[in-house]
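Before I ask anything, let me first share the structure, which is written out below as structure tokens.
Just so it is clear: chains get the letters A, B, ... in the order the sequence lines come, proteins before strands, and each one is counted from 1. This is a predicted model, so every value here is computed, not measured.
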Protein chains: 2
Amino acid sequence: MANQSKKPDVTIYDIAEALEVSPSTVSRSLKEHPSISKKTIRKVRNQAEKMGYRSNIFAQNLRRQKTNIIGVIVPRLNSHFMSSAISGMERVANKNHYKIIISQSHETASDEAGSVEMMLEQRVDGLIVSLAYNTEDMTHFDTVIEQGTPLIFFDRVAELTNSTNVVIDNYQAAYDSVSHLIDQGCSRIVHITGNTSRNVYSGRLNGYRQALLDHELSFSEDLVFINDLQERDGQEAAEKILQMDPRPDAVFVSNDVCAVSCMTHLQENGIRVPRDIAIAGFNNDPISRFVKPKITTVDYDGQRVGEVVAQNLINHLEGDDHISITNTIVLNSELIIRASSQRSKQTK
Amino acid sequence: MANQSKKPDVTIYDIAEALEVSPSTVSRSLKEHPSISKKTIRKVRNQAEKMGYRSNIFAQNLRRQKTNIIGVIVPRLNSHFMSSAISGMERVANKNHYKIIISQSHETASDEAGSVEMMLEQRVDGLIVSLAYNTEDMTHFDTVIEQGTPLIFFDRVAELTNSTNVVIDNYQAAYDSVSHLIDQGCSRIVHITGNTSRNVYSGRLNGYRQALLDHELSFSEDLVFINDLQERDGQEAAEKILQMDPRPDAVFVSNDVCAVSCMTHLQENGIRVPRDIAIAGFNNDPISRFVKPKITTVDYDGQRVGEVVAQNLINHLEGDDHISITNTIVLNSELIIRASSQRSKQTK
DNA sequence: TTGTACGCGTTATCAG
DNA sequence: CTGATAACGCGTACAA
């Protein structure tokens, strides 16, 4: 039946009554307050156990003005990077007795604003955010800041005062990838990436451009494809590439799913990888290791990012450190060279 | 600085004072109670807006004995199936003004028990669980049931009274897969699967066995590999297969990641797929489409499972239906035949 | 239509 | 070492 009623909860008053002591004594015993005798503590705990007592967390929250809940807002959950990041956060949070409450912005600014509002209503102790694809206006974070709720961005970050960013050096990672491709003899390199309002994509685009310039190759807008980096976008990009003349000899893609999809489609049309076109992706998604050839990528460890973000926020909340909340933390990322980009040197 | 203080929150008392009305009037106005004049309602809402009022959710929870929070406990977050399932739950929950709080059991029974305890402390309105790999003892769910908190399992379910299960027909799915392999001329079929204490794996094992028997092939324990279905397990299984004599001519694996890893390793050792060995996986993970050959699999749509689970729980919570909580919901799954198992018929 | 007063379960303060 | 009491912010019976 739908309307089975919940059992009424046991409170500290019930325990107090059963033991003929005061509620305060019970409260203190339960948290091992130093000024309570071991004997009383034991007695109370036993009774609590016996009666199936469970502390009421709202009442606690109400009194302490703290929830031990961390809010997490991400564009979408089901990418390898994001689910790993969340896994990392959950791990650290759990270890520190924090809970995690999750919301997706579905890559849209309006849902993101709604999620922020919801998180504030939940009175989360802190907020972790990775921005939606098209968020331009950042005013929905104003209340968070004004209100004094610590705010940390990761991956797709905002440049706000009073918030911390956790990122990798996207510029350098892209620079290294593209330089590697050039080293392999590639000179006409397509770059597939996302909305350049997002730091991650603008950073990579800049790295791409600078690597070209530093190697005396010219930069052309025509070789830069901006899309959503989804599976279908990789296919469409492949179509475009097949029709280009002269044909590019390398593709540097901002994520592995799109890179793999693009590569597969090229191969289905007779292109040999890496001989005709070399491929490099981004993220070190497991998928990059299972395709043939395996694709060169940038190791961007979501689990670790998540752990660092969560630990940082918690340190801040616990006042364990004196690090300002206005800060940027840059994690390492590493170029992983695999077969998709390795070929015998050619004369240019 | 770490100790920047949060702004004190605006309460209904503050609004009441500013407007010179009583707190109850404010409370009622805010929720459009019918017995309040439109004028007052407008006045109050404006003032609330102006003062940046935000209802205190603990106080509400404390009064209403309800949190609008759904607890979700899963073995791990970072598999495609799980993150999709959670994405689906989040979507439905959000639409119905529920929040989702997530915890991982990391595939161990003890963490699972801890998570359950944590969820009860949070006073979640309902609990969604997919069991850890090795959970045998189910007593940590007793309190949940006694307490009257609705409990729904999905994928890896428990056979408890007073809880709902959302599953697919694992037996039938496996039966169909294996029958297909047999149709393709395979007769010596290895099955790689997980702990058969879990319904999903025992169901698939039974389907595998029955398909063999129904096609007059013998069942042998030697062809069944039980492991954790991770990437490395696929490799190890491949090693074993390479050393078997006579060599199997097909492998039916209980998940795609393991299937792909096994196939790749076989290929690296000169086995041709599907000619020498046919492969079938499970889940329709994106990875199954990107490898070569693409692998035959069972479409098991995590997003949809998540949506159904969450919707069901919410219906129950809202009393919108009269469906008993003791129930099993079986969703469709579909065999997807791809190149990894398709070969010209051979004489047996 | 609005106001009063109390309780939800805890914890902190102050007194003994 | 222990007890009484007052909040925390909101909702709701009951009164007016």
*Side-chain N or O of B:Ser35 closer than 4.0 Å to phosphate OP1/OP2 of C:dT1*: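 No.
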*Between atom CZ in A:Arg64 and atom C1' in C:dT13, what is the gap in whole Å?*
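The answer, rounded to whole Å, is 18 Å.
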*asked:* Looking at B:Ser22, I'd like to know whether one of its side-chain N or O atoms comes within less than 4.0 Å of OP1 or OP2 on C:dG3.
replied: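 Yes.
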*Inspect the contact between A:Arg156 and A:Glu107 and indicate whether a charged nitrogen and a carboxylate oxygen are less than 4.0 angstrom apart.*
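Judged by the 4.0 Å cut-off on N to carboxylate O distance, A:Glu107 and A:Arg156 do form a salt bridge.
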*Are any of the side-chain nitrogens in B:Glu90 or B:Lys95 under 4.0 Å away from the carboxylate oxygens of its partner?*
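No, no charged N to carboxylate O under 4.0 Å.
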*Round to the nearest Å and state the distance from A:Glu121 atom CD to D:dG9 atom P.*
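Spelled out: CD on A:Glu121 to P on D:dG9 is 16 Å.
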*Is a side-chain N or O of B:Glu112 found less than 3.5 angstrom from the main chain of B:Thr135, in a donor-acceptor match?*
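A pair under 3.5 Å: no.
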*asked:* Counting the atoms with a prime plus P, OP1 and OP2 as sugar-phosphate, which does A:Tyr13 contact under 4.0 Å by heavy atoms, base, sugar-phosphate, or nothing?
replied: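 Contact class for A:Tyr13: base.
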*Starting at NZ of B:Lys66 and ending at P of D:dC10, how long is that distance when rounded to a whole Å?*
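Atom-to-atom, B:Lys66 to D:dC10, this comes out as 19 Å.
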_Using a 4.0 Å heavy-atom cut-off, does A:Ser37 contact any base of the nucleic acid, only the sugar-phosphate backbone, or nothing at all?_
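Since only primed, P, OP1 and OP2 atoms lie under 4.0 Å of A:Ser37, the category is sugar-phosphate.
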*Scan A:Thr11 against the nucleic acid and name what it touches under 4.0 Å (heavy atoms): base, sugar-phosphate only, or nothing.*
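Sugar-phosphate only.
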*Once you round it to whole Å, what is the distance between P of D:dC10 and CD of A:Gln65?*
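Value for this atom pair: 10 Å.
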*State whether the distance check finds a donor on one side and an acceptor on the other, under 3.5 Å, for side chain A:Ser24 versus base D:dA4.*
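Under the 3.5 Å cut-off, the side chain and the base do form a donor-acceptor pair.
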*Starting at CZ of B:Arg123 and ending at P of C:dC8, how long is that distance when rounded to a whole Å?*
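Interatomic distance, CZ of B:Arg123 to P of C:dC8: 14 Å.
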*Along DNA chain C (nearest heavy atom to each residue), the more 5'-positioned of B:Ile41 and B:Arg63*: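 That would be B:Ile41.
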*Whole-Å distance separating the CZ atom of B:Phe58 from the C1' atom of D:dA7*: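 Result: 16 Å.
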*DNA chain D: 5'-proximal contact among A:Pro23 and B:Lys31 (nearest heavy atom)*: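 So the residue in question is A:Pro23.
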_For a quick check, tell me whether the side chain of B:Arg28 and the base of C:dG3 share a donor-acceptor pair closer than 3.5 Å._
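By the distance-only test, yes, there is a pair.
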*Answer yes or no: is there an ion pair linking A:Glu121 with B:Lys99, defined by an N-O contact shorter than 4.0 Å?*
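No, no charged N to carboxylate O under 4.0 Å.
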*asked:* Could you tell me how far apart B:Ile12 (CD1) and D:dA7 (P) are, to the nearest whole angstrom?
replied: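 Going from CD1 in B:Ile12 over to P in D:dA7 covers 17 Å.
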*From A:Thr25 OG1 over to A:Glu20 CD, what is the distance, rounded to the nearest 0.5 angstrom?*
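Nearest 0.5 Å value for the OG1-CD distance: 12.5 Å.
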*Atom CG of A:Leu62 and atom C1' of D:dC10: how far apart are they, to the nearest Å?*
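Taking CG of A:Leu62 and C1' of D:dC10, I get 9 Å after rounding.
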*Verify the contact: side-chain N or O of A:Ser27 to OP1 or OP2 of C:dT11, cut-off strictly under 4.0 Å; return yes or no.*
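Answer yes for this pair, as a side-chain N or O of A:Ser27 is under 4.0 Å from OP1 or OP2.
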